[in-house]
Amino acid sequence: MAETRRERARHWRYDELPGVDLLRARYIRKTFVRHTHENFVIAAIADGVEVFHHGGGDVYAGAGALALVNPDTPHTGRAGVPEGWRYGAVYPSPQVVAAIAAETTTLRGTPGFATPVLDDPYTVRLVHQVLRATDDGNALAADTLLRVAVTRLLRLNGGTLPRREVRTAGARIAARARALLEERMAAPPTLERLAAELGTGPFALLRAFRDTYGMPPHAWLTDARVRRARRLLDAGAAPSEVAVTVGFTDQPHLNRHFSRIVGVPPGAYQRERKNVQDARSGPPVPSGTWQQNGQQHSRTCTTTEEDSGTVPSYGTPSGSGSRSDSPGSPSA
C-alpha cells in the first residue's frame, strides 16, 4: 500500500519518435506552477483527478479523460483528490501535430485543441499504449498509435488556433519586453527599469504583459529559463552550469523551479534523455524505470488496462470509436 502512495515520475524521449516528449507520473502533493510548453500536452489520466487552471478557471480531468493543452498556453496542475492522480502523457511538437492534421483531417491553419478536457477512455488507452510501445522498443507500434491518437483527438476536439497578432500598443510593448527579457535572461532588469527603457510605467507594462502572455513578467522569465535549461541539458551541459547560464542563483534554485514546471529534477531529466542517445552504444536503462528523489527505481505500480501491452484494433473498439479511426482509412 505504501508503495502505491509514492510520487514518481519519468520524463524521457524515444529516438524513433522525433519531436515528441514522453512522461509517466503519479503525483499526490505535487503542484505545478503557472507555466507553458512549447509542445502540445496530451495527458491521459489513468486514475485519480488532476485539476489545472486554464483559460481563466479550474478544469478537472479524471480517470478516462485527457488533459489537453495547446503550445504556449499558461496552465497549472495539482491533485483534485487526496490520492492524487496517475497519468501518462505525450508532448508532440506543433510540427508533428500539423503534419498529422494535414494528412488526416480537413483542418486549415494552425491545428489545436478546442477544449482542455475530453472524456474519451479509448484515446486514454491509446496514449498509454504509445508509452508501452516505446518501453518495448516497438517503433512501428509507437509511431502508429501516436498518429491514431492525435488524429482521433483532432477529429473529436480539434480546431484552428487563432493567430496571435500584435495589434495594440500594449501588446507591442509586451512583445518588446519579452524580447529584452529573453536577451538578458541571466541578468534581467527590475520592472521599473524595464518599463522606463520601454517608455511606459511599471503597472502599465505589468498589465500589458499579463494580458498578452497570461502571466506577469517574472513568472514568464522563470518559465523561459526552464525552457532554455531543458535545451542546455539535452545538449549535455551539467546542471550546475546550466543554472548559472540561465540566471538561477545555483543548482538548488534550478532544481526547485525545474521540478515545479517539468515534474522531475534536472538530473533525473538529463539521465533519461541521455539514455536515448546511449541506447545504441550500450545496454539501455530498463524502460520501466521511474525516477524517485533523483534515483532510479524499477516500476512497481499496478498494471491497468490502459497500461497493458495489448495493441488495440483499428476498427471499432468496444463501446467507443469508429472505423474512421483506423490509420489506414482516415476520413477526409
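Both backbone and side-chain heavy atoms feed into the values below; hydrogens, waters and symmetry mates do not. Quick caveat, the model's predicted, so the values are computed rather than measured.
Residues His53 and His75 place their aromatic rings such that the two centres sit no closer than 6.0 Å. In this structure, Tyr27 has its ring center under 6.0 Å from that of Phe32.
The distance from atom CG of Asn255 to atom CZ of Phe248, rounded to the nearest 0.5 Å, is 10.0 Å. Between the OG1 atom in Thr222 and the NE2 atom in His257 there is a gap of 5.0 Å [rounded to 0.5 Å].
Checked against Val246 for a side-chain contact (heavy atoms from CB on, under 4.5 Å), the options Arg231, Arg225, Arg227 give a single hit: Arg225.
Sorted by first and then second residue, the side-chain hydrogen bond (donor to acceptor under 3.5 Å, both in side chains) pairs with a member in residues 237-247 form an empty list; sequence neighbours excluded.
Hydrophobic clustering of Ile, Leu, Val, Met, Phe, Trp and Tyr side chains at less than 4.5 Å, counting indirect connections, keeps Tyr91 apart from Leu161.
Taking the ring axis of Tyr213 as reference, the NZ or CZ atom of Arg178 stays within 45° of it and closer than 6.0 Å to the ring centre. Cation-pi contact between Arg230 and Tyr269: absent, since separation from the ring centre below 6.0 Å together with deviation from the ring axis within 45° is not met.
Between Asp47 and Arg26, at least one side-chain nitrogen of the basic residue sits less than 4.0 Å from a carboxylate oxygen of the acidic one, meeting the salt-bridge criterion. Salt bridge status for Arg176 with Glu197: absent, with no side-chain N to carboxylate O gap under 4.0 Å. One finds a salt bridge joining Arg147 and Asp143 here, because a Lys/Arg side-chain nitrogen approaches an Asp/Glu carboxylate oxygen to under 4.0 Å. One finds a salt bridge joining Arg273 and Asp21 here, because a Lys/Arg side-chain nitrogen approaches an Asp/Glu carboxylate oxygen to under 4.0 Å.
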